[in-house]
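Accompanying notes for the structure given below.
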Amino acid sequence: MQPRYAPEEHEDKIYKLWQKHDAFNPDHYKGKKSGQTKPFSIIMPPPNANDPLHIGHAMFVALEDTLTRFHRMRGDDTLWLPGTDHAGIETQFVFEKKLQKQGKSRFQFDRDALYNMIWEYVQENSDTAVDQIKKLGASCDWSRFKFMLDEDVVRLTKETFAKMQKDGLIYRDIRLVNYCTKCGTSYSELEIQSVEQTTNLYYLRYPLFETPDEHIVVATTRPEPIFADTHLAVHPKDKKHQHLIGTQVINPLTKQPMTIIADEFVDPKFGTGVVKLTPAHDANDFAVAQKHKLPMNIAITREGKLTALAGKYAGLKVATAREQIIADLDKQGLIEKIDIAYKNTIKTCYKCARIIEPLPLPQFFVAVNKPGKSLTEAVLQTLAKKETKIYGAGREKILKHWLTNLNDWNISRQIVWGIRIPVWYQIDGHEDAISASFLNTAGEYTSGTLTELLKKHSLKTIAKGLQSLSADAEVPYIVGDSTPANRHEYLPETDTFDTWFSSAQWPVNTLKTTNKGDFARFYPTTVMETGYDILPFWVMRMMLLGIYLTNKSPFSEVYLHGLVRDEHGKKMSKSKGNVVNPLDMVSKYGADAVRMSLIIRSTPGIDKSVGERDFIAMRNLTNKIWNATRYVSMQEITDTSALPGDTVVSKKVATLSKDIAKLLEKRKIGVAADNTYGAFWHWFCDECIESHKQTTISLACLRKTLETFLQLLHPYMPFVTEACWQELHPESLLIEHAWPT
RNA sequence: GGUCGCAUAGCUCAGUUGGUUAGAGCGCUGCAUUCACAUUGCAGAGGUCAAAGGUUCGAAUCCUUUUGCGACCACCA
């Protein structure tokens, strides 16, 4: 053996050795173990298929592989199921950026071409994540690998949608959705960020209809949709304004009369105590409008421009329009004052940071709290019964908070990269209520209502080149994978599912499509291990849909790891330049060192700081393990008799094995790793090996103890321990070895 | 405004569910090297465990309050 451990000389070879022996596949162990073995399963959080791994991925690989290897050694029927995600919006965006660099835009391609281009792009890079996961030593069963867009997974995802539709848990309706005009799609409430901003609060004068010399003042941060204002509102008990209820004012832009109504949502103490109602562009106003059955005028398009309603401002972008409108109102003397340092919070797009435009669009929603069939209630009950245990510094409370306040889930996305919603709209009789855009054979776009389009084009032509379709909420539709066969005519939905709608079914849909019997054998899974940052996006939704589909929580434990921070405890970001690439560190210090650095002394739910110094320290540990083995393998067997120190040593190591196992079972992984490290270095190396030099313990005992330590260290540091094991026992594999007792 | 988390050595963090003299890594000081490993060993300095009060035979750990930091959620036009 060389005096130094060189990870690059061993890691790939050892990984191949494991694979050659099929050591990751639970079926490999079938019949080899005595008695009934209990299942242990982890579904890997599927990384984006074509993205390189970041340090957070290394964290999940390290933790999940540690648990997997530990349970495999304990003799459990152990499956770690790997997979990758199509990551709808993320991937489409990365691809669009690539197009942009080439001076192109996604709107230059028809949806099939765009989809195929992205598919190609993903295929080209799809091995990136998988290769890197292997480099980290993941002992997941690649024979059961799944991709979110695998045909069978897609089929099951659509079946879930159909089942939910049947059960009345899916509905299509006009709601104010969070729309990003830059990304060109709507989002659910979870993908929205709140940002505090300083903005102008305009105090505008609305002349009274009867006596136009008098006016009422309304404060607003958004003057541009005033065209769409339908009413003003005051609090019914507001003494100052009570007398105006039911009277009319003049809309300062359209000059049309508007009625003042009363509603308790108005806070008489805020601003002037008078609110303008813009039902189509404000969530509060929308709610009030529904309550009072007020009309909804649309002032802003999906492109973020003003509609024809805006007269001379039509077609202007929101920001430009605002300036001009304020200037014009000022000329008319309709501005009372402007508070230029007003602070409020606005919603922004989590992807591009643009301001989210609330727009009324007909979309598909999952009813999460339908009386009698409440998905959220079912999850809350599961949690109350402790059917699923959450590890992660108080995150269970956060989860409960989410579940008790969750709104219906918008699952429609206006992008092509994803699973198309399997819905068909009935055309005949609804031509006016459906608008579409299609590409003809000459490559030209044509759009309009179907009434207009069908005058010049056949339905077949439209269907063939269909790019986008927008049907009013009342248009009847049928759920299905192909054109419904009946006397009606149909066009398909063009929206795709929210990525998380398919991810939410991942534990169910993967196990149902791998090997026959896997679902019964491994579901519900044991541990769901992932970062706490996607608790509401993913974990909560897996519980919502998992329980809905199977009546069982998809996992009995949730282990939420913290975010990986830099060595100063700062958040990693490209702009700070403190991003650590895990694969660079792997090639520098070895996979074991990277894994151990992330795991040792980590605590669920608490962020973990790592830096080069930690990788170096753990690289030193790999070398220490290597050299301890080297020492033992260098000894010549002179006397095989036991020595007086042996009993104490073997007793202590047996206790240690038990203690470490208990810690790992209680998911105190960071503590287990730390204790194993300490015992190995400061007890085994510093004391036991020295005792052997003093001939107070025998070589046999020393060797046995070292082997035990290789077993104890193997879950965290699989490569070096296996490399050392091969020096001692080339006839067997450490990965297949039983946990020491 | 609400919820959650954190505060322990110079730095970054553990502390196995209340149990002697509070630990690790890095850093620092001194010594050691034909010895498995200098990616090493030995010795050492360094902490009133944020503050105050309470429960207890016993508190870094449980409870209350305060302060500071961080995250999330909700927000009033």
Side-chain angles (χ1 to χ4, degrees), chain A residues 1-5 189-190 192-194 196 201-204 218-223 229 232-234 265-278 282-285 288 342 344-347 392-402 405 532-533 535-536 562-563 565-571 589 593 596-597 600-603 605-635 659-660 662-675 677-678 681-682 685-686 689-690 692-693 706:
Chain A
M1 291 174 83
Q2 299 294 315
R4 276 190 193 183
Y5 174 65
E189 60 185 325
L190 305 194
I192 302 310
Q193 284 186 325
S194 298
E196 191 167 277
L201 182 62
Y202 304 95
Y203 288 78
L204 308 178
V218 178
T220 181
T221 54
R222 297 204 62 183
D229 287 4
L232 295 187
V234 298
F265 98 99
V266 182
D267 178 358
K269 291 192 196 90
F270 184 86
T272 60
V274 186
V275 182
K276 69 186 192 70
L277 293 180
T278 320
D282 180 275
N284 270 320
D285 299 0
V288 175
Y342 180 70
N344 72 345
T345 313
I346 42 152
K347 292 174 167 184
R395 305 288 154 170
E396 179 161 3
K397 287 186 185 167
I398 292 176
L399 179 60
K400 284 180 180 162
H401 181 260
W402 270 107
N405 295 290
Y532 66 72
D533 51 331
L535 175 67
L563 303 181
R565 293 170 175 270
D566 77 1
E567 57 193 326
H568 306 293
K570 296 259 161 59
K571 212 168 174 174
Y589 303 111
M596 194 57 159
S597 306
I600 194 162
R601 271 166 272 122
S602 74
T603 315
I606 304 285
D607 293 351
K608 173 77 178 162
S609 293
V610 288
E612 201 116 358
R613 61 172 186 216
D614 301 293
F615 299 127
I616 290 169
M618 294 305 127
R619 186 270 321 267
N620 294 353
L621 173 61
T622 59
N623 194 55
K624 195 78 177 169
I625 295 169
W626 178 259
N627 272 289
T629 309
R630 183 161 173 254
Y631 174 81
V632 169
S633 64
M634 279 165 72
Q635 305 306 308
D659 292 347
I660 298 296
K662 261 186 213 152
L663 288 172
L664 287 174
E665 271 166 3
K666 287 197 274 183
R667 311 302 181 220
K668 301 221 168 236
I669 305 172
V671 178
D674 195 23
N675 288 5
Y677 171 99
W681 196 305
H682 299 298
C685 295
D686 292 349
I689 292 182
E690 294 311 311
H692 177 260
K693 289 177 189 168
L706 172 68

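- Look at CD1 on A:I689: it is 16 Å from C1' on B:C42, rounded to the nearest Å.
- The NZ atom of A:K400 lies 14.0 Å from the CG atom of A:N405; values are rounded to the nearest 0.5 Å.
- Closest-nucleotide positions on RNA chain B for A:I398 and A:V610 were compared, and the one nearer the 5' end corresponds to A:I398.
- Atom CD1 of A:I616 is separated from atom P of B:U12 by 18 Å (rounded to the nearest Å).
- Residue-level contact check: A:T603 touches the backbone only, with heavy atoms under 4.0 Å from sugar-phosphate atoms and none from bases.
- At a cut-off of 3.5 Å, with distance as the only test, a side-chain donor of A:H692 or A:Y631 sits close to an acceptor on the other residue.
- Of the candidate nucleotides B:C42, B:A36, B:A14, B:A36 has the atom nearest to the side chain of A:R630.
- When the C1' atom is used for both B:G46 and B:C26, the distance is 14 Å, rounded to whole Å.
- Between B:U16, B:A24, B:U12, one nucleotide has an atom nearer to the side chain of A:K666 than all others, and that is B:U16.
- Distances shown here put every side-chain N or O of A:T221 at or beyond 4.0 Å from the OP1 or OP2 atom of B:A77.
- Exactly one of A:V288, A:L232, A:D229 qualifies for a side-chain contact (heavy atoms from CB on, under 4.5 Å) with A:L277. That residue is A:V288.
- In the set B:A36, B:A24, B:U16, B:U16 carries the atom at the smallest distance from any side-chain atom of A:L663.
- Separating the P atom of B:A52 from that of B:U16 is a span of 23 Å, rounded to the nearest Å.
- In the set B:C37, B:G5, B:A77, B:A77 carries the atom at the smallest distance from any side-chain atom of A:D267.
- Between A:N344 and the phosphate of B:A77, there is a side-chain N or O to OP1/OP2 separation shorter than 4.0 Å.
- Of the possible polar contacts, none joining the A:D674 side chain to the A:G670 backbone as a donor-acceptor pair under 3.5 Å is found.
- Within the 4.0 angstrom heavy-atom criterion, no nucleotide atom of any strand lies near A:R395.
- Rounded to a whole angstrom, the distance from the C1' atom of B:U66 to that of B:G41 is 48 Å.
- Only the C1' atoms considered, B:G2 is 25 Å distant from B:C62, to the nearest whole Å.
- To the nearest angstrom, P of B:A24 lies 10 Å from OH of A:Y677.
- Checked against B:G25, B:A14, B:A77, the side chain of A:V275 finds its nearest nucleotide in B:A77.
- B:A71 and B:C76 have their P atoms separated by 22 Å, with the value rounded to a whole Å.
- Taking the charged nitrogens against the carboxylate oxygens, A:K693 and A:E690 do have a contact shorter than 4.0 Å, which makes a salt bridge.
- The CG atom of A:D533 sits 14 Å away from the P atom of B:A71 (whole-angstrom rounding).
- For the atom pair NZ of A:K570 and CZ of A:R565, the computed distance is 10.0 Å after rounding to the nearest 0.5 Å.
- In terms of polar N and O atoms assigned as donor or acceptor, the side chain of A:K693 comes within less than 3.5 Å of the base of B:A36 in a complementary pairing.
- Among B:A36, B:C13, B:A77, the nucleotide with an atom closest to any side-chain atom of A:K624 is B:A36.
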Legend entry - Dot-bracket line, read 5' to 3' along RNA chain B, where crossing pairs take [ ] and | marks a partner on another strand, Watson-Crick or G-U under 3.5 Å: (((((((..((((.....[...)))).(((((.......))))).....(((((..]....))))))))))))....
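- Atom name C1', nucleotides B:U12 and B:C28: the rounded distance is 16 Å, in whole Å.
- Residue side chain A:K397 does not reach the base of B:C4 through any donor-acceptor N/O pair under 3.5 Å, judged by distance alone.
- Heavy atoms of A:H682 sit under 4.0 angstrom from primed sugar atoms or phosphate atoms, though from no base atom.
- Nucleic acid contact class of A:W626 (heavy atoms, under 4.0 Å, all strands): none.
- Residue A:N620 has no polar side-chain atom (N or O) positioned under 4.0 Å from OP1 or OP2 of B:C37.
- With hydrogens and angles ignored, the 3.5 Å screen pairs a side-chain donor or acceptor of A:D282 with a backbone N or O of A:D285.
- Nearest to the side-chain atoms of A:D674 among the listed nucleotides B:U39, B:A24, B:A36 stands B:A24.
- Residue contacts shown for A:Y5 are absent, as no nucleic acid heavy atom lies under 4.0 Å away.
- Atom CG in A:D686 sits roughly 14 Å away from atom C1' in B:A38 (whole-Å rounding).
- Remark: P of B:A71 and NZ of A:K571 are 7 Å apart, rounded to the nearest angstrom.
- Counted within 6.0 Å of CD on A:Q2, heavy atoms from surrounding residues, nucleotides or ligands total 12 or fewer; the atom is thus considered open.
- For A:H568 and B:G10, the shortest distance from a side-chain N or O to OP1 or OP2 is not below 4.0 Å.
- When heavy atoms are screened at a 4.0 angstrom cut-off, A:G569 is found touching the sugar-phosphate backbone but no base atom.
- The nearest pair of heavy atoms linking A:M618 to A:S597 is CG-OG, 3.4 Å.
- At B:C76, one or more side-chain N or O atoms of A:N284 fall inside 4.0 Å of OP1 or OP2 (strictly under the cut-off).
- Close to B:A77, at under 4.0 Å from its OP1 or OP2, lies a side-chain N or O of A:Y342.
- Under the 30°/60° scheme for interplanar angles, the aromatic rings of A:Y5 and A:W626 are found to be tilted.
- Within 4.0 Å of A:A617, counting heavy atoms only, lie sugar-phosphate atoms of the nucleic acid but no base atom.
- If you check every strand for non-hydrogen atoms under 4.0 Å, A:D659 touches nothing.
- Per the geometry, NZ belonging to A:K668 stands 6 Å off P belonging to B:G15, to the nearest Å.
- Take the nearest nucleotide of RNA chain B for A:T629 and for A:I606: the residue whose nucleotide is more 5' is A:I606.
- Of the C1' atoms belonging to B:G30 and B:A45, the separation is 10 Å, rounded to the nearest Å.
- Counted by atom type alone, A:T278 and A:K276 present one or more donor-acceptor pairs between their side chains at under 3.5 Å.
- For A:R601 and B:A24, the shortest distance from a side-chain N or O to OP1 or OP2 is not below 4.0 Å.
- The shortest distance between the side-chain N/O atoms of A:W681 and the OP1/OP2 oxygens of B:G41 is below 4.0 Å.
- Spacing of P atoms, B:U55 relative to B:U61, comes out at 15 Å, to the nearest Å.
- The nucleotide whose nearest atom lies closest to any side-chain atom of A:R613 is, among B:A74, B:C11, B:A36, B:C11.
- The CG atom of A:N405 sits 9 Å away from the P atom of B:A74 (whole-angstrom rounding).
- A cation-pi arrangement is present between A:R395 and A:Y532, with the terminal nitrogen or guanidinium carbon under 6.0 Å from the aromatic centre and inside a 45° cone about the axis.
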